[in-house]
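For reference, the structure is listed below as structure tokens.
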Amino acid sequence: MNPLNSKHYPDRHILAVTFLVMLVLLVLDQLIDRLIAENYAPGIFGPDGSWSDHVPHLLLAMFGALLFYIYFLPLARKLRESQSILTEALHKNELILKHAGEGIYGLDNQGRMTFVNPAAERMLGYTQADMGKDLVNHITHRENCVGCSLPIEECSILAACRDGALQHCDDAIFWRKDGRPLDVQYISAPILEAGQITGAVVVFSDNTARKQNEAILARWQQIFDHAEWGVIVYSVEAGQIELINPAFARMHGYSVEELSGWSVAEFFVEESRADLPRHIQKTHETGHHIWEAWHMRKDGSRFPVQIDATAVKDDAGQVLYRIVNVQDITERRRAEDILRESEAHLARAQAQGKLGSWWLDISNDVLEWSAECYRIFALSPDTPLNFQTFLDCVHPDDRDYVDHSWRTAVAGGAAYDIQHRIVSAGKIKWVRERADLEVAEDGTLVRGVGTVQDITELKQHENELLRSRKSLRELAAHHEAVREAERTRIAREIHDELGQYLTALRMDASMLGIRFGADNPELERQVDGMKKTIDTTIGVVRNLATTLRPGALDMGLVSAAEWLLSGFEERTRIRCHLYAPQESLGLDDERSTAAFRILQESLTNVARYANAAEVNVRIELADGVLEMDIRDDGVGFDPMEVRSRKTFGLLGMRERALQFGGESNIDSAPGSGTIVRIRIPCTRETLDDPHPYW
């Protein structure tokens with residue numbers, strides 16, 4: 001440490017001055033001594049001027065210098081300290097002006113700018129040189145960006161220079177150098193020196209952020225005041241509720257003023273109040289917590305609420321506030337009760353109908369089954385669900401079919417509506433699955449909803465019904481065969497037996513006329529009448545036999561059709577055309593007879609109802625299937641209307657085709673004629689459906 005810089009030692013500058021004073025005193029002492037010696041008392045200080053003669057002079061000079069040092073040292077120190085304090089204050093003020101966030105500029109008593117700090121230059125765009133000695137209202141405090149400056153008497157900033165009063169404004173406009181307005185608040189304080197106003201200091205700040213914050217706070221306040229849910233703000237430090245919005249008070253039947261001083265626990269019913277500390281602790285630990293409880297209104301009624309609490313913490317993690325949102329969930333509880341009741345009804349309905357439902361959301365990878373689905377597949381409700389889980393339950397013989405049907409439906413090729421077997425708890429069940437699928441433009445599955453119905457019992461009933469229908473068809477076919485055989489027998493007996501008797505009777509009548517008619521004209525006339533009656537009877541017998549069993553059927557279906565159409569055209573005058581590229585079809589008697597009877601019934605309907613002018617018939621054997629089309633140009637009919645009536649003719653045609661595993665279709669419309677299409681396999685087929693999936 002330098003001793004000259006320590007407060008315990010003399011200041012170096014004072015020592016130098018003291019030493020100089022001592023030299024001056026010493027020189028003056030010598031001069032005085034010499035002057036006295038020469039003029040008044042020679043030799044008074046020493047006889048010969050030796051070293052000893054100078055010691056008194058030196059001591060006298062040192063004593064004078066010491067007195068000077070003792071007197072001036074405190075004054076010098078005080079002066080130095082004052083200078084140091086002043087320098088430090090000026091430096092601090094300079095730093096404050098330089099680094100202050102607010103704009104600061106000085107004015108003289110005429111309103112001219114004397115200094116501008118960097119913040120003011122930055123906010124206004126002016127520099128100290130730009131402002132010069134202009135009046136402040138000429139530069140910043142104008143009426144508008146292009147208008148005249150404010151009159152001096154109206155400028156509140158310059159009022160501080162006039163009357164010495166502090167001027168304050170929270171909402172003013174300064175104009176920047178580039179002409180843009182600046183929203184500011186300012187204070188203009190007068191500068192007093194010796195009781196005289198020498199100027200003013202103006203401190204201003206940008207109001208833009210403050211106004212934005214005020215607008216944000218106003219919006220939040222509006223939200224707080226008009227929110228439909230209740231909000232309270234609880235100060236942990238103060239241990240009391242600081243804010244309550246009107247919705248919270250209204251929810252409980254109070255006004256905001258009535259709830260002043262209440263504690264949080266007072267809003268809860270007793271059973272919910274006991275659990276409140278645990279929820280508060282969880283809110284503080286996690287920062288956010290939601291739970292449901294019961295509150296009490298002013299009239300004593302209870303209502304359910306959902307509480308959403310958030311803990312506001314400082315940087316150290318200490319909880320400062322709890323912001324609590326409270327929502328009356330009475331309606332939601334009621335809706336949830338209704339929903340639960342509806343779900344229960346749905347579950348019971350699904351159980352009774354053995355119909356489960358499922359939901360698939362590909363984007364969220366979620367597949368949900370209803371309880372009935374789990375029951376149908378005999379799976380636990382906690383079983384992980386995916387397509388493979390479902391496919392594993394499908395009967396091994398049906399998996400390829402189900403997988404192909406699903407992929408086809410996803411690709412948009414066909415609707416997903418199938419029946420298949422599953423293995424459920426070791427038992428084989430039949431189910432029907434239907435689905436509505438939503439597929440994206442790129443062909444990927446997005447979501448779907450579907451149903452699964454246990455149709456095992458229905459399938460059993462269907463099988464029983466199919467067996468019953470098969471038996472009935474077999475019985476009907478047997479009856480038809482017996483009837484055709486009986487018709488054939490009767491036709492042959494009529495043709496052979498009755499025809500022979502009638503022929504013999506005619507021969508006898510002819511012989512009677514030959515033998516006795518010549519002599520008895522009256523008898524001859526009677527005989528001729530008998531022969532005509534017998535001939536007519538023979539014709540009726542032939543027609544009756546032909547109706548019961550056309551002889552042309554013995555030559556094949558095509559020949560029988562030609563004979564039938566020829567007779568039909570002759571009787572009805574309706575033009576008939578037959579297209580039969582194959583003369584011999586090689587059909588058995590049963591199929592030939594069935595096809596002939598269908599053609600016969602169709603022509604009967606044309607004659608009765610069609611009012612047609614032309615009939616076209618096609619008979620052809622293609623790929624082992626007999627195809628017969630009967631087309632007319634008549635008035636047609638509505639198939640749906642006819643289907644509702646008991647039309648045994650059409651039903652008979654259908655049954656004749658079905659007994660051989662075939663099919664019959666009728667296409668007609670009013671004014672468009674009618675087409676009857678028959679397809680009959682030429683080999684005996686089972687009456688059961690050959691494919692299990694229908």
Side-chain angles (χ1 to χ4, degrees), residues 223 226-232 244-254 259 262 264-283 286 288-310 322-361 363-385 434-436 438 447-454:
I223 293 173
H226 295 87
E228 291 297 327
W229 60 90
V231 182
I232 62 174
I244 297 178
N245 76 332
F248 184 89
R250 187 170 56 251
M251 183 187 306
H252 293 80
Y254 295 91
L259 296 179
W262 279 46
V264 174
E266 292 181 76
F267 299 107
F268 290 83
V269 299
E270 187 172 352
E271 58 268 27
S272 297
R273 191 180 306 167
D275 206 28
L276 184 59
R278 181 177 65 84
H279 291 297
I280 293 176
Q281 182 180 0
K282 192 168 184 179
T283 302
T286 61
H288 182 240
H289 180 46
I290 299 175
W291 75 96
E292 293 183 2
W294 287 85
H295 276 197
M296 182 177 295
R297 297 187 181 91
K298 184 177 182 179
D299 59 7
S301 60
R302 299 154 46 102
F303 64 102
V305 295
Q306 176 178 284
I307 301 172
D308 186 331
T310 300
R322 286 196 300 270
I323 300 176
V324 183
N325 297 328
V326 180
Q327 185 176 6
D328 185 348
I329 58 173
T330 303
E331 292 301 324
R332 193 186 79 183
R333 284 280 184 91
R334 185 177 294 111
E336 289 174 351
D337 292 340
I338 294 174
L339 178 61
R340 279 192 294 269
E341 186 176 353
S342 299
E343 289 177 345
H345 289 326
L346 177 62
R348 287 195 294 270
Q350 288 190 350
Q352 292 177 2
K354 297 182 179 180
L355 178 68
S357 55
W358 54 265
W359 301 266
L360 176 65
D361 186 349
S363 59
N364 295 318
D365 194 22
V366 175
L367 173 62
E368 294 183 2
W369 279 5
S370 68
E372 187 62 18
C373 279
Y374 287 103
R375 190 201 64 77
I376 292 174
F377 286 88
L379 294 177
S380 172
D382 57 357
T383 303
L385 297 178
R434 303 180 66 184
D436 291 329
E438 182 179 340
R447 61 183 60 86
V449 58
T451 58
V452 178
Q453 185 178 14
D454 184 353

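Values in this document were obtained by computation on a predicted structure and should not be read as measured data.
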The side chain to side chain contact (heavy atoms under 4.5 Å, CB included) partners of Glu271 (sequence neighbours excluded) come to Val269, Arg302
Residues passing the side-chain hydrogen bond (donor to acceptor under 3.5 Å, both in side chains) test with Ser357, sequence neighbours excluded, are Gln350
Sorted by chain and residue number, the ring pair (Phe, Tyr, Trp, His ring centres under 6.0 Å) partners of Trp369 (sequence neighbours excluded) come out as Tyr374, Phe377
Review point. Would you call Arg273-Glu270 a salt bridge at under 4.0 Å N-O?
Key: no
Across all chains, not counting sequence neighbours, the salt bridge (charged side-chain N to carboxylate O under 4.0 Å, His left out) partners of Arg375 are Glu372
Applying side chain to side chain contact (heavy atoms under 4.5 Å, CB included) to Val449 and not counting sequence neighbours gives Trp359, Asp436
For His279, the side-chain hydrogen bond (donor to acceptor under 3.5 Å, both in side chains) test, sequence neighbours excluded, returns Asp275, His289
dist Met296:CE -> Lys298:NZ (nearest 0.5 Å) comes out at 14.5 Å
In this structure, OG1 of Thr283 is separated from NE2 of His288 (nearest 0.5 Å) by 8.5 Å
For Thr330, the side-chain hydrogen bond (donor to acceptor under 3.5 Å, both in side chains) test, sequence neighbours excluded, returns Asp328
Heavy-atom nearest pair, Phe248 first then Ile244, reads CD2-CG2, 3.7 Å
Sequence neighbours excluded, the answer for side chain to side chain contact (heavy atoms under 4.5 Å, CB included) partners of Trp229 is Ala227, Val231, Asn325
Shortest non-hydrogen pair, Ile376 vs Gly356, comes out as CD1-N, 4.0 Å
dist Ile280:CD1 -> Lys282:NZ (nearest 0.5 Å) comes out at 14.0 Å
| said: Between Phe268 and His295, is the side chain to side chain contact (heavy atoms under 4.5 Å, CB included) condition met? List the steps. | reply: CA-CA 4 Å; Phe268 290 83; His295 276 197; 3.5 Å; yes
Residue set satisfying ring pair (Phe, Tyr, Trp, His ring centres under 6.0 Å) with Trp262, at least two apart, ordered chain then number -> Tyr254, Phe267
By side chain to side chain contact (heavy atoms under 4.5 Å, CB included), Gln306 pairs with (sequence neighbours left out) Ile290, Glu292, Gln327, Ile329, Arg332
When every non-hydrogen atom of Ala274 is compared with those of Pro277, the smallest separation belongs to O-CD, 3.6 Å
Output for pair (Cys373 SG, Leu385 CG), nearest 0.5 Å, gives 9.0 Å
Is there a donor-acceptor pair under 3.5 Å between the side chain of Ser301 and the backbone N or O of Arg297? no
Notebook entry, point to check: Can we say Arg334 and Asp337 salt-bridge, meaning some charged N sits less than 4.0 Å from an Asp/Glu carboxylate O?
Noted result: no
Correct closest heavy-atom pair for Ala309 and Trp291 would be CB-CZ3, 4.0 Å
Contacts of Arg447 meeting side-chain hydrogen bond (donor to acceptor under 3.5 Å, both in side chains) (sequence neighbours excluded), chain-then-number -> Glu438
In short, salt bridge (Lys or Arg N to Asp or Glu O under 4.0 Å) pairs touching residues 345-361 with sequence neighbours left out are Lys354-Glu457
Item to check | Donor-acceptor contact present, side-chain Arg434 to main-chain Thr451, <3.5 Å | outcome: no
Rounding to 0.5 Å, atoms CD (Gln281) and OG1 (Thr286) come to a distance of 10.5 Å
